Amino acid sequence: VQLQASGGGLVQPGGSLRLSCAASGRTFSNYAMGWFRQVPGKEREFVAAISRSGDSISYRNSVRGRFTISRYNARNTVYLQMNSLKPEDAAVYYCAAGAGTRSTTPQDYDYWGQGTQVTVSS
């Protein structure tokens, strides 16, 4: 599976962004999808994950209620809608695909996109 993330950028605190991750190469609906983020010097951390059918979702506590993960299997795309952004949300965001069930652990994902930078600053 090849993954292409997009939608990052510079936004003021309190603003919104929608990240997209387009998949190609294999049957998208066979994969659970996740979003992770990473800042320099820190480990990659879980943000959100969605099951293959989209009926099961999990979030990092600090983003629950502000971020929404969704997927559109007919378009081979997963989204991350980010609202009420905070400076601590700034990071490189990565999408990932895993052949198992949705997971919060990076090691459970088999394929990764290239990352998209999110900057939250006034």
Side-chain angles (χ1 to χ4, degrees):
V1 177
Q2 290 79 47
L3 302 174
Q4 180 72 40
S6 61
L10 172 64
V11 63
Q12 293 185 343
S16 298
L17 283 174
R18 188 176 82 155
L19 306 184
S20 299
C21 176
S24 61
R26 298 204 177 185
T27 304
F28 179 67
S29 59
N30 287 347
Y31 293 88
M33 299 298 296
W35 285 98
F36 292 78
R37 65 189 182 189
Q38 190 170 22
V39 298
K42 292 190 176 182
E43 292 186 355
R44 192 167 297 189
E45 64 181 25
F46 167 75
V47 177
I50 188 167
S51 62
R52 285 170 282 187
S53 64
D55 62 351
S56 182
I57 288 173
S58 57
Y59 293 102
R60 180 179 194 81
N61 285 340
S62 63
V63 309
R64 188 174 289 112
R66 299 188 297 121
F67 290 13
T68 303
I69 187 171
S70 61
R71 66 188 296 161
Y72 194 164
N73 285 348
R75 294 182 179 175
N76 295 341
T77 304
V78 62
Y79 303 96
L80 185 68
Q81 177 67 43
M82 305 187 295
N83 298 329
S84 303
L85 281 160
K86 304 176 181 180
E88 53 264 40
D89 294 318
V92 177
Y93 281 71
Y94 297 89
C95 59
T101 58
R102 65 173 173 79
S103 171
T104 63
T105 305
Q107 290 79 3
D108 290 337
Y109 290 84
D110 306 298
Y111 304 96
W112 291 84
Q114 85 288 0
T116 184
Q117 177 73 50
V118 172
T119 303
V120 184
S121 175
S122 55

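Any value given below was found using the heavy atoms of this structure, including those in side chains, with hydrogens, waters and symmetry copies removed. All values derive from a computational prediction rather than experimental measurement. Count residues from 1 along the sequence.
Summarising the geometry of S16 relative to Q81, their closest heavy-atom pair is CB-NE2, 4.0 Å, with the distance given to 0.1 Å. The two residues Y31 and T27 have their closest heavy-atom pair at CD1-O, 3.2 Å. The shortest non-hydrogen separation linking T104 to S58 is CG2-OG, 4.2 Å. Minimum interatomic distance between A23 and V1 (heavy atoms only, all atoms of both residues): CB-CG1, 4.1 Å. Heavy atoms only, all atoms of each residue included: V63 and V47 are closest at CG2-O, 3.7 Å.
Annotation: the span from T119 atom OG1 to Q12 atom CD amounts to 13.0 Å, rounded to 0.5 Å. With rounding to the nearest 0.5 angstrom, the CD atom of Q4 is 9.0 Å from the OG1 atom of T116. How far CG of N73 is from CE of M33: 9.5 Å, rounded to the nearest 0.5 Å. Between atom OG of residue S62 and atom CG of residue D89 there is a gap of 7.0 Å, rounded to the nearest 0.5 Å. Between E45 atom CD and R37 atom CZ the span is 4.5 Å, to the nearest 0.5 Å. Distance OG/S20 to CG/L3: 12.5 Å, rounded to 0.5 Å.
For the pair V78 and W35, the minimum side-chain heavy-atom distance is below 4.5 Å. At least one side-chain heavy atom of P13 sits less than 4.5 Å from a side-chain heavy atom of V120. Contact check for S24 versus N76: no side-chain heavy atoms found under the 4.5 Å cut-off.
By the rule that hydrophobic residues join a cluster once side-chain heavy atoms approach within less than 4.5 Å of another member, L17 and L80 end up as members of one cluster. Follow the hydrophobic side-chain contacts under 4.5 Å out from I69 and you reach Y111 in the same cluster. Under the 4.5 Å side-chain contact rule for hydrophobic residues, W112 and V118 do not share a cluster. Under a hydrophobic clustering in which Ile, Leu, Val, Met, Phe, Trp and Tyr are joined whenever their side-chain heavy atoms come within less than 4.5 Å, directly or via other members, I50 and F36 fall into different clusters. Hydrophobic clustering (side-chain heavy atoms under 4.5 Å, transitive across Ile, Leu, Val, Met, Phe, Trp, Tyr) groups V92 together with F46.
A donor-acceptor contact shorter than 3.5 Å is absent between the side chain of Q38 and the backbone of A91. For the pair R71 (side chain) and F28 (backbone), a donor-acceptor distance under 3.5 Å is present. In this structure, D110 contributes its side chain and A99 its backbone to a donor-acceptor pair below 3.5 Å. Not one N or O on the side chain of R102 forms a donor-acceptor pair closer than 3.5 Å with the backbone of A32. Side-chain N or O atoms of Y109 include one that pairs as donor or acceptor with a backbone N or O of S103 at under 3.5 Å. Checking side-chain atoms of R66 against main-chain N and O of S84 turns up a donor-acceptor pair under 3.5 Å.
No more than 12 heavy atoms of other residues, nucleotides or ligands sit less than 6.0 Å from atom CD of E43.
Between F67 and Y93, the ring planes are tilted. Angles from 30° to 60° get that label.
Applying the salt bridge (Lys or Arg N to Asp or Glu O under 4.0 Å) test to residues at least two apart or on different chains, none of the pairs has a partner in residues 73-87.
Partners of R26 under the salt bridge (charged side-chain N to carboxylate O under 4.0 Å, His left out) rule, at least two apart in sequence or in another chain, do not exist in this structure.
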